[in-house]
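So you know, we letter chains A, B, ... as the sequences are listed, proteins then strands, and number each from 1.
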Number of protein chains: 2
Amino acid sequence: MERDDLGALFGRVVRRLIAAERPLLEAHGLTMWEYSVLTHLAKQPTETQQALAAAIGYDKSRLIPLLDGLAGQGLLVREPDPANRRAHAVRLTPDGLARLEAARADIRAMEEELLSVLSAAEQRHLLAVLPRLAD
Amino acid sequence: MERDDLGALFGRVVRRLIAAERPLLEAHGLTMWEYSVLTHLAKQPTETQQALAAAIGYDKSRLIPLLDGLAGQGLLVREPDPANRRAHAVRLTPDGLARLEAARADIRAMEEELLSVLSAAEQRHLLAVLPRLAD
DNA sequence: TATTGTTATACTCTATAACTATA
DNA sequence: TATAGTTATAGAGTATAACAATA
């Protein structure tokens, strides 16, 4: 066998990342899925719950208690959509954005350290290639 | 935000890989963990159950029904270790190796196709860099 | 009739502790 | 007392279906 499967290689990297992220997120009072919601809302300021669930690859029914928790902490608000009274528009609050950015700063620092085993050119190559494989 | 988190990028790639692998493995009558066991035994022909569980990142208690199923299909055998009668040595059978190689051929073909969005040089760079991030 | 959010339920996956037989 | 394998059980995570309100 000339090399390991891609699934095994990528899987091991993801496990490392998850293990390294968990305590950082926990220190900011966030789970991985909560962080994922905040991250998406920072990119896409207003989303219906359904669009949000689809975008982050989560189930719309599991999303409800997740949003309840984040709304309870004041990190996001659910506003009735005047154009479609069935839909709720989910929006990040300033507190939510601040919490996200604080958590992200820690995660980015961890990532830089993990990437530091690679040369600057290798890091550039990797970051250029990953989004193309992810789509 | 200059780029997505590494966790998000790698996570999306892994989800793609898992989604693409599942039907291939299913066609060979294997789950992902079963494939993982066979793959490890092909590299490391004889292992105790405990060492095997640790190596693939699985729980020793969950491993038992998994090995039962694979042994029932004749893909591996559990032999009492004469030196230590508590331990069982797990060993791949010729059928197990054949099943693994058939599944792996399909998976490799899928991987080549997924990687084909990259140039040959980009593929080389990626495959050189991944194992260093995985450790 | 279809869609949005919600709730309830069942199912799978995973982690923990306890048991046996050996050492 | 500790270890290898096993079993049982509880917990977390996930998927599915059904419901109310609105379109």
| said: Under 4.0 Å, counting only non-hydrogen atoms across every strand here, what does Asn84(B) touch: a base, just sugar-phosphate, or nothing? | reply: sugar-phosphate
Scan the side chains in residues 60-68 of chain B for donor-acceptor partners under 3.5 Å anywhere in the protein, sequence neighbours excluded, and list what turns up.
{"unit_1": "Ser61(B)", "atom_1": "OG", "unit_2": "Asp59(B)", "atom_2": "OD1", "d": "2.8"}
{"unit_1": "Asp68(B)", "atom_1": "OD1", "unit_2": "Arg78(B)", "atom_2": "NH2", "d": "2.2"}

| query | Near DNA chain D, under 4.0 Å by heavy atom, which residues of residues 46-75 of chain A? | reply | Asp59(A), Ser61(A), Arg62(A)
| query | Just by distance, do the side chain of Glu21(A) and the backbone of Ile18(A) share a donor-acceptor pair under 3.5 Å? | reply | no
| Nearest heavy-atom pair of Leu76(A) and Leu41(A): which atoms, and what distance? | CD2-CD1, 4.0 Å
| request: Please tell me which of Arg86(A) and Arg78(A) maps to the more 5' nucleotide of DNA chain C, matching each residue to the nucleotide holding its nearest heavy atom. | output: Arg86(A)
| request: Determine yes or no for a side-chain-to-main-chain donor-acceptor pair under 3.5 angstrom, with Gln123(B) supplying the side chain and Leu115(B) the backbone. | output: yes
| task | State, to 0.1 Å, how close Arg15(B) and Ile56(A) come at their nearest heavy-atom pair, and which atoms those are. | result | NH2-O, 3.5 Å
| query | Which atom pair, heavy atoms only, marks the closest approach of Ala89(A) to Thr46(A)? | reply | CB-CG2, 3.6 Å
| field | Glu79(B) atom CD, over 12 foreign heavy atoms within 6.0 Å | value | yes
| query | With the threshold set at 4.0 Å, does a side-chain nitrogen-carboxylate oxygen contact exist between Glu113(B) and Arg108(B)? | reply | no
| message | For chain B and DNA chain D, what are the first and last nucleotides along the strand, 5' to 3', with at least one atom under 4.0 angstrom from a heavy atom of the protein chain? | response | dA2(D) to dA8(D)
| Sequence neighbours excluded - ring pair (Phe, Tyr, Trp, His ring centres under 6.0 Å) pairs with any residue from residues 19-41 of chain B | Trp33(B)-Tyr58(B)
For residues 128-135 of chain B, please give each side-chain donor-acceptor pair under 3.5 Å, one per line with the distance, not counting sequence neighbours.
{"unit_1": "Arg132(B)", "atom_1": "NH1", "unit_2": "Glu122(A)", "atom_2": "OE1", "d": "3.4"}
{"unit_1": "Arg132(B)", "atom_1": "NH1", "unit_2": "Glu122(A)", "atom_2": "OE2", "d": "2.8"}
{"unit_1": "Arg132(B)", "atom_1": "NH2", "unit_2": "Val117(A)", "atom_2": "O", "d": "2.8"}
{"unit_1": "Arg132(B)", "atom_1": "NH2", "unit_2": "Glu122(A)", "atom_2": "OE1", "d": "3.3"}

| Hey, can you pull the residues of residues 13-38 of chain B with a non-hydrogen atom under 4.0 angstrom from DNA chain C? | Trp33(B)
